[in-house]
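Structure first, commentary second.
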Amino acid sequence: MPEKPTTTIHRQLLEILSQLPKSSQEEVLNFAISLQKKKLTQHWDAISDTEAAALKAEFADEDLAFAESVLTNYLSQLQQEDAV
């Protein structure tokens with residue numbers, strides 16, 4: 001049974017990587033990471049302005065709720081620290 005194209009690519013990559021010096025292996029890893037980040041950025045850029053605005057609003061609401069929950073006891077904590 002013939003190998004799947006991705007299996008062939010993975011096998012070739014591993015073979016080539018194993019022959020490279022460690023510094024070159026790190027360069028390949030960094031390049032792969034940059035490709036992955038670029039893909040994620042492209043995904044974000046591909047959404048509509050309406051979707052982006054909705055997500056930003058949702059995150060802003062969550063951030064505000066989190067900050068408010070953390071700050072609930074903040075004044076009393078500061079006063080306790082001042083008393084010490």
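Values below: all heavy atoms of this structure, side chains included; hydrogens, waters and symmetry mates excluded. Along the sequence shown, residues carry numbers from 1. This one's a predicted model, so the numbers in the text were calculated from it and none came from an experiment.
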Quiz item: Do you know which two heavy atoms are closest between Ile47 and Glu51, and how far apart they sit?
Solution: CB-OE1, 3.6 Å

Self-check item: Approximate separation, where rounding is to 0.5 Å, of Glu26 CD and Ser23 OG
Solution: 7.0 Å

Quiz item: What distance separates Glu81 CD from Gln79 CD, expressed to the nearest 0.5 Å?
Solution: 11.0 Å

Practice problem: Answer whether the closest heavy-atom distance between the side chains of Val84 and Gln80 falls below 4.5 Å. | Solution: no

Quiz item: For Gln36, does the CD atom sit with more than 12 other heavy atoms under 6.0 Å from it, leaving out its own atoms?
Solution: no

Practice problem: Please check if atom CG in Asp49 has more than 12 non-hydrogen atoms from other residues, nucleotides or ligands closer than 6.0 Å. | Solution: no

Self-check item: Between NE2 on residue His10 and CG on residue Leu17, distance to nearest 0.5 Å
Solution: 11.5 Å

Quiz item: To the nearest 0.5 Å, what is the distance between CG (Asp63) and CD (Glu58)?
Solution: 10.5 Å

Quiz item: Going from CG on Leu71 to CZ on Phe66, what distance comes out if it is rounded to the nearest 0.5 angstrom?
Solution: 9.5 Å

Quiz item: Can you tell me how far CD of Gln25 sits from CG of Leu29, rounded to the nearest 0.5 angstrom?
Solution: 9.5 Å

